[in-house]
Engineer: 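First the structure, which I've put down as structure tokens, then a few questions once you've had a look.
Every value quoted in this text rests on a predicted model; they were computed, and no experiment measured them.
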Amino acid sequence: MSRQRSMENILASEYISIGELVRITNSRYSTLKHYTEEGMLPFEQAEENLTRRYKREKTVARILWIKEMKTNGLSIPQIKEALGMN
């Protein structure tokens with residue numbers, strides 16, 4: 001079992017993992033993985049272990065914006081358009 005970083009360390013980090021995004025945005029892992037696969041959550045990939053790293057501040061803000069758009073009834077294609085992806 002891997003050791004989780006403390007919330008204090010996560011909030012102080014520039015880059016975080018998808019699991020840490022789950023913790024700080026109260027989102028489901030599968031949802032964030034889907035958003036990543038759809039290109040809605042940009043990430044960087046460390047070559048040595050192929051771990052995806054997300055810029056904490058920008059990614060958390062984007063997740064909250066996506067959640068707000070979902071709450072307002074927008075579909076994934078509509079959200080992608082709002083994110084400037086079409």
Side-chain angles (χ1 to χ4, degrees):
M1 188 166 144
S2 64
R3 259 185 59 218
Q4 290 186 345
R5 293 197 299 171
S6 71
M7 190 59 72
E8 183 179 329
N9 286 342
I10 293 169
L11 296 176
S13 296
E14 181 180 3
Y15 290 95
I16 60 176
S17 70
I18 193 168
E20 292 167 341
L21 280 171
V22 167
R23 289 175 61 195
I24 62 178
T25 63
N26 198 28
S27 300
R28 293 177 59 193
Y29 178 88
S30 58
T31 299
L32 298 185
K33 186 165 175 38
H34 176 71
Y35 292 165
T36 298
E37 290 168 356
E38 288 289 322
M40 297 164 67
L41 297 179
F43 63 90
E44 294 179 15
Q45 199 153 5
E47 288 187 35
E48 63 273 0
N49 58 6
L50 302 178
T51 301
R52 293 176 177 172
R53 303 176 334 150
Y54 300 83
K55 284 198 167 212
R56 181 182 48 81
E57 288 184 24
K58 288 183 179 182
T59 307
V60 168
R62 182 168 273 217
I63 291 167
L64 295 177
W65 189 29
I66 292 169
K67 281 184 166 192
E68 183 179 332
M69 288 187 278
K70 290 282 292 175
T71 299
N72 291 329
L74 273 68
S75 66
I76 293 294
Q78 291 170 320
I79 292 170
K80 287 172 80 170
E81 186 175 332
L83 294 172
M85 297 179 64
N86 292 342

Engineer: Does K58 reach the main-chain N or O of P42 with its side chain, forming a donor-acceptor pair under 3.5 Å?
Structural biologist: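 The answer is no, because no donor-acceptor pair under 3.5 Å joins these two groups.
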Engineer: Counting only heavy atoms not in E38, do more than 12 fall under 6.0 Å of its CD?
Structural biologist: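 Yes, CD of E38 has more than 12 neighbouring heavy atoms, counting only those of other groups under 6.0 Å.
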Engineer: Linking I/L/V/M/F/W/Y whenever their side-chain heavy atoms sit closer than 4.5 Å, directly or via other members, would Y29 and Y15 fall into one cluster?
Structural biologist: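 As far as the 4.5 Å side-chain criterion goes, Y15 and Y29 are not connected within one cluster.
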Engineer: Please tell me if the side chains of T59 and F43 come closer than 4.5 Å, counting only heavy atoms from C-beta onward.
Structural biologist: no
Engineer: Tell me if the CD atom of E37 is crowded by more than 12 foreign heavy atoms within 6.0 Å.
Structural biologist: yes
Engineer: After noting the C-alpha distance and the side-chain angles of M69 and Q78, does the key distance pass the side chain to side chain contact (heavy atoms under 4.5 Å, CB included) rule?
Structural biologist: CA-CA 9 Å; M69 288 187 278; Q78 291 170 320; over 6 Å; no
Engineer: What's the separation between atom CD1 in I79 and atom CD in E68, rounded to the nearest 0.5 Å?
Structural biologist: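 Rounded to the nearest 0.5 Å, the CD1-CD separation comes out at 10.5 Å.
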Engineer: Checking S13 now: which residues fulfil side chain to side chain donor-acceptor pair (under 3.5 Å) with it, not counting sequence neighbours?
Structural biologist: R5
Engineer: Side chains of R23 and Q4: closer than 4.5 Å at any heavy-atom pair?
Structural biologist: yes
Engineer: Quick check: are there more than 12 heavy atoms from other residues, nucleotides or ligands sitting under 6.0 Å from CG of N72?
Structural biologist: yes
Engineer: Could you give me the CA-CA distance, side-chain angles and deciding distance for R62 and L83, then say whether side chain to side chain contact (heavy atoms under 4.5 Å, CB included) is met?
Structural biologist: CA-CA 9 Å; R62 182 168 273 217; L83 294 172; 4.0 Å; yes
Engineer: If you apply the rule side chain to side chain contact (heavy atoms under 4.5 Å, CB included), what do you find for E44 with K55, and how did you get there?
Structural biologist: CA-CA 8 Å; E44 294 179 15; K55 284 198 167 212; 4.1 Å; yes
Engineer: Rounded at 0.5 Å granularity, tell me how far CD1 in I10 sits from CZ in R56.
Structural biologist: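 Rounded to the nearest 0.5 Å, the CD1-CZ separation comes to 10.0 Å.
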Engineer: Indicate the atoms forming the closest heavy-atom contact of S27 with I63, along with that distance.
Structural biologist: OG-CG2, 3.8 Å
Engineer: Just jot down the side chain to side chain donor-acceptor pair (under 3.5 Å) partners of T36, sequence neighbours excluded, or say none.
Structural biologist: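 If we apply the side chain to side chain donor-acceptor pair (under 3.5 Å) test to T36, skipping adjacent residues, the hits are Y54.
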Engineer: Distance check, rounded to the nearest 0.5 Å: L32 atom CG versus L21 atom CG?
Structural biologist: 6.0 Å
Engineer: Walk me through whether I18 and K33 qualify under side chain to side chain contact (heavy atoms under 4.5 Å, CB included).
Structural biologist: CA-CA 8 Å; I18 193 168; K33 186 165 175 38; 4.2 Å; yes
Engineer: Please report the interatomic distance CG(L74) to NZ(K80), rounded to the nearest 0.5 Å.
Structural biologist: 14.0 Å
Engineer: To the nearest 0.5 Å, what is the distance between CG (N9) and CD1 (I16)?
Structural biologist: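 N9 CG to I16 CD1: 12.0 Å, rounded to 0.5 Å.
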Engineer: Do M40 and I76 have side chains that approach each other closer than 4.5 Å (heavy atoms only, starting at C-beta)?
Structural biologist: yes
